[in-house]
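Step one of this worksheet: look at the structure below.
Heavy atoms only: backbone and side chains are in, while hydrogens, waters and symmetry mates are out. If you read the sequence from its start, that first residue is 1, and numbering goes on from there.
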Amino acid sequence: MTPEIDQIFDSVKDRYGADSLTRVEEMVYAQRQERHPLQKDAKWIMPGISATPWHDPYGHPEVEPVVRAFEAGHAAIKQELTDAWSGRKSAFSDYEHYLSRQENWQALYLFRDGEPVESSAPLVPTAYDVLTREVVGQGKLCPLLESHFSTLLPGASIAPHCDLWNFSINLHLAVDIPEGCGITVAGETRRWQEGECLLFDYSFVHEAWNNGDRPRTCLLVDLWHPETTVPEREALVGLITEIRALMG
């Protein structure tokens, strides 16, 4: 690590207490900890976070209002997304996962590079409003990551992989779901139910596919894992931001 990271951690501990970053420091400074075998390819595993692949979307007081707000807005969100897809397809782009880029996986971003994507607001105003009001404004979105409409074209699949860490969690609102679609996390396959949310820890091996006859779209939101604390979140943003800067 660097003196800049040490300074970030010291600043947080000065304000929240000497023990406020115990788990973050263990993740950063200790040798690789024991982890679930289906998380083995994740870059960072913060100790003390439940090794639970699938979560009840209504099971966390911090996440439940977000779930209910997105589900309540589903009808409007679907119509606005449909209009954007048919009339402003140029606003979508090939999704650039850190592992690869896929032409058959399209994305319309609502939050990216640490801030809301304001150009998307007039295209999908309901989703943008819920995101900025219920998620970004409440400090629930992990600003290191993003939120986007994720559209898998017919025949597309996402290969099994682990994402980078376990201190954020992925929320899916099922916006437009044809038959023949599914997602597997840690060996358990589930189907999206249109208008409902799924919540899972994507540090576990997961994959998805669309074997249907039309595009499958979910709204993806990268939330802080509800088992992380405010000082941990602040330190993690500083840590990962500094590492990204060092890596260019």
Side-chain angles (χ1 to χ4, degrees), residues 1-2 4-13 15-57 59-67 97-99 111-115 131 134-148 161-172 185-186 197-206 220-247:
M1 294 297 105
T2 68
E4 289 79 9
I5 291 173
D6 289 336
Q7 186 175 5
I8 291 166
F9 286 6
D10 288 343
S11 175
V12 173
K13 288 189 288 185
R15 285 177 285 116
Y16 292 99
D19 297 330
S20 58
L21 298 184
T22 300
R23 299 194 300 179
V24 178
E25 291 179 318
E26 183 178 347
M27 178 186 76
V28 172
Y29 296 117
Q31 293 184 346
R32 186 180 175 97
Q33 302 91 359
E34 290 295 321
R35 59 173 68 183
H36 192 287
L38 293 177
Q39 290 175 304
K40 64 182 179 63
D41 291 329
K43 174 66 175 176
W44 302 99
I45 295 295
M46 196 164 82
I49 292 179
S50 302
T52 304
W54 286 104
H55 288 247
D56 178 359
H60 300 287
E62 179 179 359
V63 177
E64 181 182 4
V66 175
V67 171
H97 192 272
Y98 73 94
L99 293 175
F111 187 98
R112 196 180 193 189
D113 297 329
E115 60 186 9
L131 181 76
E134 296 288 345
V135 187
V136 178
Q138 302 297 321
K140 299 177 182 181
L141 188 137
C142 178
L144 298 164
L145 296 171
E146 59 198 28
S147 174
H148 65 279
H161 65 284
C162 297
D163 280 310
L164 289 170
W165 52 61
N166 71 333
F167 47 79
S168 62
I169 196 167
N170 201 214
L171 180 71
H172 283 200
V185 180
C197 289
L198 293 177
L199 184 68
F200 65 96
D201 181 339
Y202 46 8
S203 65
F204 286 88
V205 175
H206 58 285
L220 275 56
V221 186
D222 290 312
L223 301 169
W224 284 112
H225 196 293
E227 295 177 13
T228 59
T229 67
V230 170
E232 287 172 340
R233 295 173 186 185
E234 184 176 331
L236 289 164
V237 169
L239 168 70
I240 301 301
T241 300
E242 176 66 14
I243 290 174
R244 287 175 174 171
L246 290 171
M247 296 177 65

Fill in the blank from the handout: Tightest non-hydrogen contact, residues Y29 and I5, listed as OH-CG2, 4.3 Å

Handout entry: Exercise: identify the closest heavy-atom pair between T229 and S20
Key = OG1-O, 4.5 Å

Practice task
Output, in order, the C-alpha distance, side-chain angles, deciding distance and verdict of side-chain contact (heavy atoms from CB on, under 4.5 Å) for D222 and Y202.
Solution key: CA-CA 10 Å; D222 290 312; Y202 46 8; 2.7 Å; yes

Problem - Flag side-chain contact, heavy atom, 4.5 Å: F111 against V135 - result: no

Handout entry: Trace of the side-chain contact (heavy atoms from CB on, under 4.5 Å) decision for H206 with D163
Key = CA-CA 9 Å; H206 58 285; D163 280 310; 3.2 Å; yes

Exercise for the section: Could you tell me the separation between the CG atom of N170 and the CZ atom of F204, rounded to the nearest 0.5 Å? Expected result: 14.0 Å

Exercise for the section: Measure from the side-chain N and O atoms of E227 to the backbone N and O of S50, and report whether any donor-acceptor pair falls under 3.5 Å. Expected result: yes

Fill in the blank from the handout: So CD1 of I49 and CD1 of I169: to nearest 0.5 Å the spacing works out to 9.0 Å

Handout entry: Test side-chain contact (heavy atoms from CB on, under 4.5 Å) applied to L199 and H60, step by step
Key = CA-CA 10 Å; L199 184 68; H60 300 287; 4.0 Å; yes

Problem - Taking every non-hydrogen atom, the tightest pair across K140 and P65 - result: NZ-CG, 4.1 Å

Practice task
Evaluate the side-chain contact (heavy atoms from CB on, under 4.5 Å) criterion for residues F9 and V28: first the C-alpha distance (whole Å), next the side-chain angles of each, then the deciding distance (0.1 Å), finally the verdict.
Solution key: CA-CA 11 Å; F9 286 6; V28 172; 4.3 Å; yes

Practice task
Mind checking the OG1-CD spacing from T241 to E4? Nearest 0.5 Å is all I need.
Solution key: 13.0 Å

Practice task
Would you indicate whether the side-chain heavy atoms of S203 and R35 approach each other to under 4.5 Å?
Solution key: no

Exercise for the section: Answer whether the closest heavy-atom distance between the side chains of H55 and V63 falls below 4.5 Å. Expected result: no

Handout entry: Nearest atoms (heavy-atom pairs only) where G238 meets I8
Key = O-CD1, 3.6 Å

Exercise for the section: Evaluate the side-chain proximity of H148 to R112: yes if any heavy-atom separation is below 4.5 Å, no if none is. Expected result: no

Handout entry: M27 side chain reached by L239 side chain, heavy atoms, under 4.5 Å
Key = yes

Practice task
Output the distance between atom CG (L220) and atom CG (L171), rounded to the nearest 0.5 Å.
Solution key: 8.0 Å

Problem - Close side-chain approach of D201 and T52, heavy atoms under 4.5 Å - result: no

Handout entry: Test: E25 and K13 ion pair at under 4.0 Å
Key = yes

Exercise for the section: Working to the nearest 0.5 Å, report the span between OG of S168 and CG of L145. Expected result: 4.5 Å

Exercise for the section: Find out whether H161 and D41 are in side-chain contact, i.e. whether some heavy atom of one side chain is under 4.5 Å from a heavy atom of the other. Expected result: no

Practice task
Would you name the heavy atoms of K40 and P37 that are closest together and state the gap between them?
Solution key: CG-O, 3.2 Å

Practice task
Quick one: pull up CD in E242 and OG1 in T2 and give me the separation to the nearest 0.5 Å.
Solution key: 4.0 Å

Handout entry: Contact check, side chains of H36 and I45, non-hydrogen atoms, under 4.5 Å
Key = no

Handout entry: Parallel, tilted or perpendicular, as decided by the 30° and 60° cut-offs, for the rings of F167 and W165
Key = parallel

